Amino acid sequence: MEIKVLGTGCTGCRTLYETVTQAIAELGISAAIVKEEDITEILSYGVMTLPGLVVDGRVVSAGRKLSLAEVKELLNR
């Protein structure tokens with residue numbers, strides 16, 4: 001599984017990255033986490049509000065600060 005946290009380094013983006021890291025650890029899944037900060041790459045996903053979350057190439061969230069429970073739910077789909 002590949003997970004990308006889309007963001008330019010704002011507080012919300014850093015928080016989402018930490019939440020995703022915690023969710024992966026608690027779920028015990030194998031995943032590569034990438035912090036994507038290149039605005040051109042972020043826009044290529046069609047994301048206009050940050051932070052964004054991409055799982056296996058599919059945007060699953062944009063513009064929301066997700067809770068740990070929400071991240072776990074998205075990763076279990």
Side-chain angles (χ1 to χ4, degrees):
M1 176 183 290
E2 181 183 58
I3 302 166
K4 289 187 178 184
V5 176
L6 309 179
T8 56
C10 65
T11 302
C13 302
R14 289 191 307 266
T15 301
L16 180 58
Y17 183 85
E18 292 167 7
T19 303
V20 169
T21 303
Q22 183 179 353
I24 287 171
E26 289 184 14
L27 292 171
I29 58 176
S30 177
I33 307 170
V34 177
K35 212 190 261 187
E36 184 58 68
E37 295 181 341
D38 181 337
I39 194 68
T40 304
E41 185 69 20
I42 292 169
L43 292 174
S44 76
Y45 286 98
V47 172
M48 298 300 201
T49 55
L50 300 175
L53 184 63
V54 177
V55 178
D56 291 333
R58 186 174 64 93
V59 177
V60 296
S61 177
R64 293 189 56 228
K65 294 180 186 176
L66 300 171
S67 69
L68 179 60
E70 289 171 318
V71 171
K72 285 181 175 181
E73 183 180 326
L74 290 171
L75 296 181
N76 276 325
R77 290 186 181 175

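Excluded from the calculations below are hydrogen atoms, water molecules and symmetry mates; all remaining heavy atoms, backbone and side chain alike, are included. Predicted model, so just to flag it, every value in this text is computed and none were measured. Residue numbers start at 1 and run along the sequence shown.
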Quick check: is Val60 connected to Met1 through a chain of hydrophobic side chains (ILVMFWY, heavy atoms under 4.5 Å apart)?
yes
Rounding to 0.5 Å, atoms CG (Leu53) and CD (Glu36) come to a distance of 13.0 Å
In Val71, Ile24, Val34, the residue satisfying side-chain contact (heavy atoms from CB on, under 4.5 Å) with Ile3 is Ile24
Smallest heavy-atom separation, Pro51 atom then Arg64 atom, equals CG-O, 3.6 Å
In terms of heavy-atom contacts, Val54 and Tyr45 come closest through CG1-CE2, 3.7 Å
Note to self: With a 4.0 Å cut-off on N to O distance, would you call Arg77 and Glu73 a salt bridge?
What the structure shows: yes
Output for pair (Glu2 CD, Ile33 CD1), nearest 0.5 Å, gives 11.0 Å
Smallest heavy-atom separation, Gln22 atom then Leu68 atom, equals NE2-CD2, 3.4 Å
One should read off an interatomic distance between Thr19 OG1 and Arg14 CZ, to the nearest 0.5 angstrom, of 12.5 Å
All heavy atoms of Lys65 vs all of Glu70, minimum pair found to be O-OE1, 4.1 Å
For Val47 and Thr49 the tightest heavy-atom approach is CG1-O, 3.1 Å
In one Ile/Leu/Val/Met/Phe/Trp/Tyr side-chain cluster, 4.5 Å: Leu66, Leu75: yes
One should read off an interatomic distance between Leu6 CG and Ile39 CD1, to the nearest 0.5 angstrom, of 9.0 Å
When every non-hydrogen atom of Leu50 is compared with those of Cys13, the smallest separation belongs to CB-SG, 4.2 Å
- Task: State, yes or no, whether a side-chain contact exists between Thr8 and Glu37 at a heavy-atom distance under 4.5 Å.
- Result: no
Separation between CG (Leu16) and OG1 (Thr11), nearest 0.5 Å, reads 12.5 Å
The reported gap from CG in Leu43 to CG in Asp38 (rounded to nearest 0.5 angstrom) is 9.0 Å
